[in-house]
Amino acid sequence: MIKAAPWAFALAAALTVLPGARAEAEHIPVAPAGVVEYQGRTALLVDTRLFDPLIELTGSFEGPEHTFGYRALTVGSYFRPHKNLKVGLFYRLQAGARHDDDWIDLDPGWEWQDTRDRLEHVLIADASPRVQLGFLPGRNWVATLKGRYLLNTFNLQQAILLRPGLTYFLLVDREPLLNFSFNYGLYFPLNFGSTVIYEQAPYLSVLYHLSPNLKLEATGSYKSVVWSSSQDSIEAGDSYQVTYKAFTVGFGLLVVLRP
């Protein structure tokens, strides 16, 4: 009787397991590394002291291919019940948003659904308290805590955004010239996903006051988004949590009108 070497059994087992492992891996999205994305926004704010109506357009070039993906139109208004508090209600029309269930089985193959032409409606409630920190050096420091509730009517997903921030105002002749801000955005899913926080992003921003009515903005952030198991992958018997990370560079134009 010829005895097979132990390595032969190991090789045979590997050849048996590998096709199944490869097929299973196809069900799980792969997050690319070293991605740099670009964002732009234009906003019009009408400052009436009591109400601050807002119209904002945003767009971004996403992923390794810098595809023009997410864009949104947001309209609504802030209301100031107190000098240190703003509350607001907003409506957002967006396209190109990516949700967990957009990872789909094409049979054969798996890929992200192209959502660039899919319109979604988002309702937003906002509360943004702030306080001046006069005890810090320079005295022109303001701490903020933005809180937002978001309801997406497309899939009824609900989320909470908490974004603490700290801003320093550089004044010249008692007029603002530059704002330097550090913020940290945290998104908490209320009825979707498998994590406590599904997106987070620390970011720095500089706002240049070109005139009392015109502001230029530059931002840099490092976002982290967790993709949880899609419905198609669950039906295929898989579950996963994949973290997508990207550096984001943004530019903005803000127009402020004071009737």
Side-chain angles (χ1 to χ4, degrees), residues 28-32 35-43 54-76 88-106 110-126 146-163 183-203 219 221-234 240-252:
I28 300 175
V30 176
V35 177
V36 178
E37 300 183 339
Y38 301 94
Q39 292 182 344
R41 77 169 185 131
T42 301
L54 173 71
I55 302 175
E56 181 183 65
L57 283 170
T58 60
S60 58
F61 293 89
E62 301 173 328
E65 297 82 16
H66 297 135
T67 303
F68 184 56
Y70 180 81
R71 61 263 194 212
L73 168 67
T74 303
V75 296
L89 293 174
F90 300 92
Y91 161 76
R92 175 174 295 162
L93 176 65
Q94 65 183 25
R98 175 174 289 179
H99 306 294
D100 291 337
D101 285 340
D102 289 325
W103 179 249
I104 57 175
D105 182 5
L106 299 179
W110 291 72
E111 69 177 31
W112 287 105
Q113 183 175 348
D114 187 348
T115 63
R116 287 174 292 176
D117 294 327
R118 185 178 71 196
L119 297 180
E120 301 176 8
H121 308 278
V122 183
L123 305 178
I124 303 171
D126 184 292
K146 177 174 286 294
R148 277 190 167 180
Y149 166 79
L150 302 97
L151 169 63
N152 190 328
T153 64
F154 166 71
N155 50 18
L156 298 182
Q157 288 185 353
Q158 302 173 63
I160 294 290
L161 162 67
L162 289 180
R163 192 177 71 196
N183 296 270
Y184 203 116
L186 300 162
Y187 284 88
F188 299 85
L190 298 183
N191 60 351
F192 65 94
S194 58
T195 58
V196 175
I197 300 172
Y198 80 88
E199 180 175 346
Q200 55 184 305
Y203 70 92
T219 63
S221 69
Y222 184 63
K223 73 175 182 180
S224 176
V225 182
V226 178
W227 298 331
S228 297
S229 306
S230 68
Q231 187 60 40
D232 280 7
S233 68
I234 293 174
Y240 57 81
Q241 288 184 3
V242 176
T243 302
Y244 170 71
K245 298 181 179 181
F247 291 96
T248 302
V249 178
F251 301 95

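None of these values were measured; they are calculated from a predicted model.
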Could you pull out all residues at least two apart from [X] that satisfy ring pair (Phe, Tyr, Trp, His ring centres under 6.0 Å)?
| X | answer |
| --- | --- |
| Y91 | H121 |
| F68 | F61 |
| Y198 | Y187, F192 |

Please lay out, stage by stage, how I55 and L73 fare under the test side chain to side chain contact (heavy atoms under 4.5 Å, CB included).
CA-CA 7 Å; I55 302 175; L73 168 67; 4.0 Å; yes
How many angstroms lie between [atom1] in [X] and [atom2] in [Y], if you round to the nearest 0.5 Å?
| X | Y | atom1 | atom2 | result |
| --- | --- | --- | --- | --- |
| F154 | Q94 | CZ | CD | 10.0 Å |
| S228 | Y240 | OG | OH | 8.0 Å |
| W227 | S233 | CH2 | OG | 13.0 Å |
| I104 | D114 | CD1 | CG | 9.5 Å |
| Q200 | L161 | CD | CG | 12.0 Å |
| D101 | N155 | CG | CG | 8.0 Å |

Is the shortest side-chain heavy-atom distance between [X] and [Y] below 4.5 Å?
| X | Y | result |
| --- | --- | --- |
| L150 | N152 | no |
| N191 | Q157 | yes |
| T248 | Y38 | no |
| L186 | I160 | no |
| P32 | Y244 | yes |

Yes or no on side chain to side chain contact (heavy atoms under 4.5 Å, CB included) for T115 and Y70, after CA distance, side-chain angles and deciding distance?
CA-CA 9 Å; T115 63; Y70 180 81; over 6 Å; no
Quick one: does [X]'s side chain have a donor or acceptor within less than 3.5 Å of a partner on [Y]'s backbone?
| X | Y | value |
| --- | --- | --- |
| Q241 | S194 | yes |
| R116 | R71 | no |
| N183 | G185 | no |

Shortest non-hydrogen separation from [X] to [Y] and the atoms involved:
| X | Y | value |
| --- | --- | --- |
| L119 | A95 | CD2-CB, 4.0 Å |
| F188 | L162 | CE1-CD1, 3.9 Å |
| D100 | S230 | O-CB, 3.1 Å |
| I197 | T195 | O-OG1, 3.0 Å |

All side chain to side chain donor-acceptor pair (under 3.5 Å) counterparts of Q158, not counting sequence neighbours
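Partners of Q158 under the side chain to side chain donor-acceptor pair (under 3.5 Å) test: Y149.
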In chain order, what residues pass the salt bridge (Lys or Arg N to Asp or Glu O under 4.0 Å) check against R118, with sequence neighbours excluded?
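Listed in chain order: D102, E120.
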Quick one: salt bridge (Lys or Arg N to Asp or Glu O under 4.0 Å) partners of D126, sequence neighbours excluded?
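Scan of D126 (salt bridge (Lys or Arg N to Asp or Glu O under 4.0 Å), adjacent residues dropped) gives K146, R148.
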Do E62 and R98 sit within salt-bridge range, that is, some charged N less than 4.0 Å from a carboxylate O?
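The answer is no: the pair does not qualify as a salt bridge.
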Would you say E37 and S60 are linked by a side-chain donor-acceptor pair, where the criterion is simply a distance under 3.5 Å?
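The answer is no; no qualifying pair exists.
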